[in-house]
2 protein chains.
Amino acid sequence: MYINFAILGILSSQSLTGYDLKKIIQESPFMYWSGNNNQIYKALGELLEADFVTNEEQHPGGSPAKKIYTITEAGKAELKRSLQFAPEPPEFKKTFLIQLAWSDQLNTNEFNAQLFGYEREIKQQILLQQEKRMRETNCPNRSPREIYIWEMIHENIISFYNNELMWVKKLRQGLCFCNEKVRAE
Amino acid sequence: MYINFAILGILSSQSLTGYDLKKIIQESPFMYWSGNNNQIYKALGELLEADFVTNEEQHPGGSPAKKIYTITEAGKAELKRSLQFAPEPPEFKKTFLIQLAWSDQLNTNEFNAQLFGYEREIKQQILLQQEKRMRETNCPNRSPREIYIWEMIHENIISFYNNELMWVKKLRQGLCFCNEKVRAE
DNA sequence: GGTGTCATGTAAACAGTTACATGATTTT
DNA sequence: AAAATCATGTAACTGTTTACATGACACC
């Protein structure tokens with residue numbers, strides 16, 4: 001469960017509540033989870049159980065007793081261990097390719113509409129990611145290497161969408177030639 | 001559930017058994033499911049229930065009665081409908097980025113080992129995908145447009161991994177400069 | 001006679017999402 | 001006074017995977 005490691009990572013630079021963690025994960029472009037409560041509070045429960053974090057209740061009179069989670073030494077060791085796991089290959093899920101695979105059954109207009117729709121989605125994602133990059137202020141006391149790494153993480157994500165955008169454009173161009181060829185027959 | 005649409009897509013050009021579908025999905029680079037029995041047979045059950053497919057038992061004496069599934073007219077209509085759904089943006093899951101984000105805590109050797117490991121994983125994926133492309137013989141009677149589309153689907157996948165490979169190389173290069181700068185201080 | 005592939009199906013678990021529920025505090 | 005945000009947690013569901021179970025048939 002990589003979300004547990006991600007939480008340890010976030011907590012390694014600052015102590016936070018579950019609610020804070022939820023927001024950070026939701027905002028993050030590379031922590032791919034939706035950041036719903038069920039995941040966060042379940043993960044925190046597990047981390048607490050394993051003594052990788054401790055929590056401190058603030059003003060325990062309040063109804064949802066605010067709990068501030070702090071990483072332990074054991075938690076830091078666990079985080080470092082997770083950083084050395086054998087890297088997994090990147091995965092993707094593109095439902096558009098499922099549609100594309102059999103879209104020869106659409107006429108030219110319908111087909112173009114789908115391509116156009118996909119291109120629009122990608123462009124919107126690029127804007128959204130750039131916005132996230134701007135907004136990012138969290139995570140203090142960074143080393144030069146750390147700053148560079150986070151920069152490169154953002155670049156990774158943007159390049160993913162840019163690559164996809166270039167591909168759609170090429171697909172559309174090639175399709176023009178393909179249609180011309182069909183007309184010529 | 002896009003797997004149901006994917007199955008309708010596959011069945012639109014040929015009638016097949018659940019076992020055949022399973023193998024096709026496992027082999028496919030863009031149908032991202034593992035192709036386990038549970039999904040296939042459950043999906044076929046649903047499609048049968050909805051009259052999108054029919055099945056014909058062969059030599060009904062045999063113990064696992066071989067069932068050949070055929071798409072119906074309603075199934076073809078459903079497939080065409082699915083092709084016109086609003087395209088979803090592409091998604092990715094890169095656990096390596098989770099590791100990378102906090103890997104400033106690793107020393108240079110450990111860090112390089114992880115980068116090297118990731119690069120090796122990607123290269124292996126590229127080889128695997130190229131192999132799959134070679135092996136692909138199925139799906140008969142293709143139109144020129146269909147051939148082009150399938151070609152582009154493969155290109156999409158290869159470009160995903162190539163993009164990632166280029167990114168790791170750039171990351172490693174930039175890191176050299178970063179380390180030099182640190183040493184210079 | 002053993003191994004591998006063909007063929008269908010089920011059980012149990014894990015991962016992840018949406019929606020629900022509650023109540024305090026802050027902002028408008 | 002209403003609306004938004006802070007804060008914690010649970011329930012129900014969907015999607016996906018691994019593993020189990022069974023048996024026929026082909027090949028070596």
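Throughout, protein chains are lettered first and strands after them, A, B, ... in sequence-line order, and every chain is numbered starting at 1.
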Open item on the list: Quick check on D:dT17: is either OP1 or OP2 less than 4.0 Å from any side-chain nitrogen or oxygen of B:S34?
Closed with: yes
Task: Any residue meeting salt bridge (Lys or Arg N to Asp or Glu O under 4.0 Å) with B:K76, in chain and number order, not counting sequence neighbours - done: B:E73
Collect all protein-nucleotide pairs involving nucleotides 13-15 of chain C in which both atoms are nitrogen or oxygen and the distance is under 3.5 Å.
none

Task: Ring centers of B:F85, B:F5 separated by less than 6.0 Å - done: yes
Open item on the list: On the nucleotide C:dC6, are OP1 or OP2 found under 4.0 Å from the side-chain N or O atoms that B:Y19 carries?
Closed with: yes
Task: Any residue meeting ring-ring contact (aromatic ring centres under 6.0 Å, His included) with B:F116, in chain and number order, not counting sequence neighbours - done: none
Task: Residue-phosphate contact under 4.0 Å: B:Y41 side-chain N/O, C:dG9 OP1/OP2 - done: no
TODO: Mind checking salt bridge (Lys or Arg N to Asp or Glu O under 4.0 Å) for A:K42 and listing every partner two or more places apart, or none if nothing turns up?
DONE: A:E46
TODO: Could you pull out all residues at least two apart from B:E119 that satisfy salt bridge (Lys or Arg N to Asp or Glu O under 4.0 Å)?
DONE: B:K123, B:R172
- [ ] Verify the contact: side-chain N or O of B:T17 to OP1 or OP2 of C:dC6, cut-off strictly under 4.0 Å; return yes or no.
- [x] no
- [ ] For A:Y2, report the nucleic acid contact type (base, sugar-phosphate, nothing); a contact means any heavy atom under 4.0 Å.
- [x] nothing
- [ ] Examine C:dT25: is either OP1 or OP2 under 4.0 Å from a nitrogen or oxygen in the side chain of A:K66? Give yes or no.
- [x] no
TODO: Give the nucleotide from the list C:dT17, C:dG9, D:dT17 with an atom nearest to the side chain of A:N36.
DONE: C:dT17
- [ ] Could you list the residues that satisfy side-chain hydrogen bond (donor to acceptor under 3.5 Å, both in side chains) with B:R120, not counting sequence neighbours?
- [x] none
TODO: Would you kindly check whether a donor in the side chain of A:N37 faces an acceptor in the base of D:dG9, or vice versa, at under 3.5 angstrom?
DONE: yes
